[in-house]
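This report concerns only the one structure given below.
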Amino acid sequence: MKVLRNKKTLIDYIERQREMGKKIGFAPTMGALHLGHISLYEAAKKENDEVISSVFVNPTQFNNADDFEKYPQTLEDDLKLLENAGVDAVYVPKAIDIYPEGLKSKHYDFDGLDQEMEGKFRPGHFDGVGTVVEELLRQVQPHNAYFGEKDYQQLAIIKKMVKKTNLPVKIHGVPTLREQSGLALSSRNLRLDEKQRKEAVIIYETLLKAKEWFKSLSPKEIKERVENIFKASNFELEYFTITDEETLKETETFQEGKNYRAFIVAYAGDVRLIDNMHLE
Ligand code: PAF
């Protein structure tokens, strides 16, 4: 596996792959890799000749400096995992390769997608994500790019950014991988103690209940029940919402022919966990 440590080596590498007519699949990450990331590479391998990943902890998408500083940095382990996963090359840029003019986000019009959910709690977060992903896509020039459905709003926002900027890449969502308990795999799980990790299954189990209640209750009734579950737990619910899957706007009624998704964000101590599930 090639480790490309700056923009120049990346650009040379991509040029060679393109000259050889290779179809490139790309899955960007912020490191602290786990099995959930491997599922991105597996999806990429099926549809491309060359699989490239990147490891870059993007400062502009953290609205909390403490969260940025505490973000796990495990590059040596990440490189081993990438190699074992059969990734062909990994781009590990420095901040200057992505932000030559300083750590500043661009401002995007995501047609309101960024005003919902995470957008309300993490001001500027999606501009940071849009900026880094746009720059990475411009440099890596993949035919296909892969993102986890665990960050469903991020996936929707990246699709919107790609559409608006006319970047010639197809964006794919990859289903969330879960531990046997149902807990969604996440780099942040590393920060949970044993007790929290066991109890964190409450998030998945509550989403399953919401899916069940979706058949007979209104969004408001489901929300009340979910809030009560969390009040009786050791987890602090930041928000629960059911949205139209397309617009990501909270729904007050369920209508025939529309798709809906439930989202939970909860804190275990100071660890913020997120998850979501399609309702049917
Ligand atoms: O999901 C992530 O790991 C990050 O938000 C991404 C897409 C790599 C951008 O920094």
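What you see below is based on every heavy atom in this structure, not just the backbone, and it leaves out hydrogens, waters and symmetry mates. Both ligands and their constituent atoms are indexed starting at 1 by order of listing. The structure displayed is predicted, hence computed values, not measured ones.
Less than 4.0 angstrom separates some heavy atom of Pro28 from each of these atoms of ligand 1: 8 (C). If you number the atoms of ligand 1 from 1 as listed, the ones under 4.0 Å from a heavy atom of Val132 come out as 9 (C), 10 (O). Listed by atom number, the atoms of ligand 1 under 4.0 Å from Gln154 heavy atoms are 1 (O), 2 (C), 4 (C), 5 (O), 7 (C). Listed by number with element, the atoms of ligand 1 under 4.0 Å from a non-hydrogen atom of Gln61 are 4 (C), 5 (O), 9 (C), 10 (O).
Geometrically, Arg261 engages Tyr152 in a cation-pi contact, judged by NZ or CZ lying under 6.0 Å from the ring centre and within 45° of the ring axis.
Taking a 6.0 Å sphere around NZ of Lys163, one finds it holds 12 or fewer heavy atoms contributed by other residues, nucleotides or ligands.
A salt bridge links Lys70 with Asp270: the distance from a Lys NZ or Arg NE/NH1/NH2 to an Asp or Glu carboxylate oxygen falls below 4.0 Å.
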Next on the checklist: Test salt bridge (Lys or Arg N to Asp or Glu O under 4.0 Å) on Asp12 and Arg16; report intermediate values, then the result.
Outcome noted: CA-CA 6 Å; Asp12 291 347; Arg16 288 200 299 280; 5.5 Å; no
